[in-house]
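Here the structure is laid out as structure tokens; the discussion comes afterwards.
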2 protein chains.
Amino acid sequence: MVTIRDVARRAGVAPSTVSYVFNGSRSISEETRRRVQEAVDALGYHPRASARTLRSSRTHVLALALPRAAGLQDSVDGRFAIDVSDAANGLGYDLLLTTSQDKAEGLRRVALSGLADAAVLMAVDMEDARIDVVRELAFPAALIGRPADEDALPWTDLDWEEAAALAVRELAAAGHRDMVYLAPGEREVEGRRSYALRGIAGARRGARTTGAAVTVVHSVADPARLADRLRTVLGNPDADAGDGGGAGGAAGAGRGDGGGAAPTALIVQHPSAHHHILPSVTATGLRVPEDLAVVVIGTLPGDPASRALPRVELPVETLSFEVTWLAVAAAARQREGGAPSVTEPGARLLAESVGHLLIPPVLLPGTAPLAPPRH
Amino acid sequence: MVTIRDVARRAGVAPSTVSYVFNGSRSISEETRRRVQEAVDALGYHPRASARTLRSSRTHVLALALPRAAGLQDSVDGRFAIDVSDAANGLGYDLLLTTSQDKAEGLRRVALSGLADAAVLMAVDMEDARIDVVRELAFPAALIGRPADEDALPWTDLDWEEAAALAVRELAAAGHRDMVYLAPGEREVEGRRSYALRGIAGARRGARTTGAAVTVVHSVADPARLADRLRTVLGNPDADAGDGGGAGGAAGAGRGDGGGAAPTALIVQHPSAHHHILPSVTATGLRVPEDLAVVVIGTLPGDPASRALPRVELPVETLSFEVTWLAVAAAARQREGGAPSVTEPGARLLAESVGHLLIPPVLLPGTAPLAPPRH
DNA sequence: CTGTTAGCGCCTTCAA
DNA sequence: TTGAAGGCGCTAACAG
């Protein structure tokens, strides 16, 4: 184990000088710097993180709090984890994963034991228990997701509400009067997942704005059951009444002049349905886009399977970078007692002062056009 | 900041006593224990990880080295990250993500700065640079993936080779004489990704064993190009010669009595193709399973989109647990100077002594049967 | 521009 | 069954 003292001895300087060479907080003569560097290379010295942290009470580690809802987790989570890790590295931080089980236990433990300087909270609910935890502990944190209390903590998110409203508006502009909004599953709504509620609210708003009829249906993981629900709500003429069953999660919504006509458009917000939505629709006997226009919301960028459809992508990389920046800024603010540092122009400055950053949705064209309805 | 001394003072004991209460390595009177606990609760004391680590040189942190190949990463990676995190938590460890960019830089830094006790390496290549790094640094590590040198480090993996061979055998037993093996993309093969090479080797072995003709085709991310390649190799009668183009990644292989007949079965090993393989096949005009039997290898458990097909699932949870265990065991071995600890029976003991654990593939039935060929 | 020094909070040997 | 004390490796005052 080679320490700073070994280096100092070999370079013929004091340990503190070696430290300053590393931390660069005071001027060092070129000669001294060179000799220290030489000793470092010769001995293969590398500072111990624990000693540094104990002394400076800075870890240069960010905690990433994953939700870890029992059962299947979306591939979205992993994608965020990787991109946040990259962003953190770029800012000189490492990333510690905390799959907080119950009551944000992991997050609390990480904060209390000083394992991280700040936390990034993923997949937040409208009222998220983890928010209370970090506030109670005065632990710097930033969220991916827009909580009910928008001023409690810095956050960033895709504007899911506007994304849904935008999809409805565009479809209405193309002539569609009757649409179906395939929202995340019931459980996500009951769990008050932010993106789920915002998306549905946007769909309703779009319906009001355009006068189109928008029926909100909740998605299900199982493709067969999903096809059932779609069959029911899309009112396919030659439905062969497969498994029968109830009307599923159809929840009436949207007022407009569309009345009870058969829907001509489908908006899909459920992440895990993105991949098999097309087969599920095809299973109902409808052709896309001739019989039914399909728009997808929240797809992963670069996902080949969803490039065919018109869609609003989830800007994972941007969100990851911004939330990381917000978390690091929060840590800095806490260290310096609240003085906001003005280091970057533009959106970032805004994000820091306002405390959040809402990313406007962009509707990308798919291979298949936004076909107008047939009647 | 409440320290161990504050607790000691309030409980009327020495700091060391408090420490022993936490670490339980010597007997404490019930009375003392109670008073310490009371003080801990009252003051909200929590030990500092950095101080502990500095003193004990144990971090209780595992590093997870993700490959981070430029461009799109599979959702598989994220899934592993989460499951390894859970497994680590179960063994009393936290998980630090290192998205090692070039030359395993992140991993090296984490090891050198003592941020972790051991590493888990994901998505290993046959000859992986990270293996050299951890060996050079004598840093305990375990791999998810089976490297060329099987004895260099402990590892665990699905037996991809046997999985592919199994699929060929089962299809051959069902009467198929001509098959297509859709392997991972050319880049993954050139990068000598372990699972890619093993899978292809297994397909070849299956061909030899059964006498069936197996053509190996490399997958592509883009669904349209994939459909093209499939059209070419599956020799669809009513192919409308879409984009023309070359024969794509078709690489002749497999000897047998199948000769040049049209393939009746398709085996898919490319993870990112799993989701849209069915549409891509349908796009060629072939019906599944009437015209073409499809078997998928390496699907994620619980993925609703792939439940329909016969498949070999990737046992993410098992692999994650085992590799975590191997990594922790390696750390313990290093601490204790090589003495193998005998704490668990069965497979785990075996895994520890042999140093690796190869999981045998299981072919699960899909909704669609393994239809026999028509001719 | 550089050296000396005093801990950061904890664990663990040694002593009682 | 418990205390006292030293030091893990590093940083940040203070001196010069």
Side-chain angles (χ1 to χ4, degrees), chain A residues 1-40 43-61 92 109-117 335-336, chain B residues 1-37 39-40 43-61 92 109-117 335:
Chain A
M1 159 99 303
V2 35
T3 80
I4 206 172
R5 302 179 55 137
D6 300 322
V7 176
R9 192 157 30 232
R10 190 180 219 273
V13 298
S16 57
T17 302
V18 178
S19 174
Y20 283 118
V21 167
F22 269 80
N23 302 300
S25 53
R26 86 180 181 191
S27 47
I28 305 279
S29 80
E30 205 41 63
E31 164 65 5
T32 301
R33 183 184 303 280
R34 200 189 47 68
R35 283 172 49 201
V36 167
Q37 189 58 53
E38 199 174 41
V40 164
L43 299 174
Y45 168 75
H46 203 100
R48 302 262 98 189
S50 55
R52 242 197 233 263
T53 295
L54 176 59
R55 188 56 236 242
S56 65
S57 65
R58 290 199 54 184
T59 62
H60 288 279
V61 168
R109 192 175 44 73
V110 166
L112 286 173
S113 59
L115 274 167
D117 293 335
R335 265 201 314 281
E336 288 149 24
Chain B
M1 160 96 304
V2 33
T3 81
I4 207 173
R5 303 181 53 137
D6 301 323
V7 176
R9 193 156 30 232
R10 190 180 219 273
V13 299
S16 56
T17 302
V18 178
S19 175
Y20 282 119
V21 167
F22 268 80
N23 301 300
S25 53
R26 88 177 180 192
S27 50
I28 304 280
S29 79
E30 206 39 65
E31 164 66 6
T32 302
R33 183 184 303 280
R34 201 189 47 70
R35 282 171 52 199
V36 167
Q37 190 56 54
V40 164
L43 298 174
Y45 167 76
H46 204 100
R48 300 263 99 190
S50 55
R52 243 197 232 263
T53 296
L54 178 58
R55 188 52 235 249
S56 65
S57 67
R58 290 199 52 183
T59 62
H60 288 278
V61 168
R109 193 175 44 73
V110 166
L112 286 172
S113 59
L115 274 167
D117 293 335
R335 264 200 316 279

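Residue numbering restarts at 1 for every chain, and letters A, B, ... go by the order of the sequence lines. Predicted, not measured: the structure shown is a model, and the values here were computed from it.
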**Q.** Value in whole Å for how far the P atom of D:dC8 lies from CG of A:Asp6
**A.** 11 Å
Q. What is the nucleic acid contact for B:Ser57, judged by heavy atoms within less than 4.0 Å: base, sugar-phosphate only, or nothing?
A. nothing
Q. With nearest nucleotides of DNA chain D determined for B:Thr32 and B:Arg55 from heavy-atom distances, which residue corresponds to the more 5′ nucleotide?
A. B:Thr32
Q: Just call it for A:Gly114: base, sugar-phosphate, or nothing, with non-hydrogen atoms closer than 4.0 Å on any strand.
A: nothing
Q) Which one, D:dT11, C:dG9, C:dT2, comes nearest to the side chain of A:Asn23? A) D:dT11
Q: May I ask you to verify whether the side chain of A:Arg26 and the base of C:dT2 hold a donor-acceptor pair under 3.5 Å?
A: yes
Q: Answer yes or no: are there more than 12 heavy-atom neighbours, outside B:Arg5 itself, under 6.0 Å from its atom CZ?
A: no
Q: Determine the contact category for A:Val18: base if any of its heavy atoms lies under 4.0 Å from a base atom, sugar-phosphate if only primed atoms, P, OP1 or OP2 are that close, otherwise nothing.
A: nothing
Q.
Students often get this wrong, so: under 4.0 angstrom with heavy atoms, is B:Pro47 touching a base, only sugar-phosphate, or nothing?
A. sugar-phosphate
Q) Considering only side-chain heavy atoms of A:Val13, which listed nucleotide, D:dG3, C:dC11, C:dG3, is closest? A) C:dG3
Q) Which comes earlier along DNA chain D counting from the 5' end, the contact point of B:Tyr20 or that of B:Ala51, where each point is its nearest nucleotide? A) B:Tyr20
Q: Could you check whether A:Phe22 gets within reach of a base, just the sugar-phosphate, or nothing at all, counting any heavy atom under 4.0 Å?
A: nothing
Q: Report yes if at least one side-chain N or O of B:Ser27 is closer than 4.0 Å to OP1 or OP2 of D:dT1; otherwise report no.
A: yes
Q. According to a strict under-4.0 Å criterion, is A:Ser29 in side-chain N/O contact with OP1 or OP2 of C:dT2?
A. yes
Q.
Could you check whether the side chain of A:Ser16 and the base of C:dT2 have a donor-acceptor pair of N or O atoms closer than 3.5 Å, going by distance alone?
A. no
Q) Is any side-chain nitrogen or oxygen of A:Ser19 closer than 4.0 Å to OP1 or OP2 of D:dT11? A) yes
Q. Would you say the side chain of A:Ile4 lies within less than 4.5 Å of the side chain of A:Phe22, judging by non-hydrogen atoms?
A. no
(Q) Distance check needed: C:dC8 C1' versus A:Arg58 CZ, whole Å only. (A) 16 Å
Q. Got a second to check how far B:Asp6's CG is from B:Met1's CE, nearest 0.5 Å?
A. 9.0 Å
Q. Is the closest basic N to carboxylate O distance between A:Glu38 and A:Arg35 below 4.0 Å?
A. no
Q) Okay, side chain of B:Asp117, backbone of B:Thr59: is any donor-acceptor separation there less than 3.5 Å? A) yes
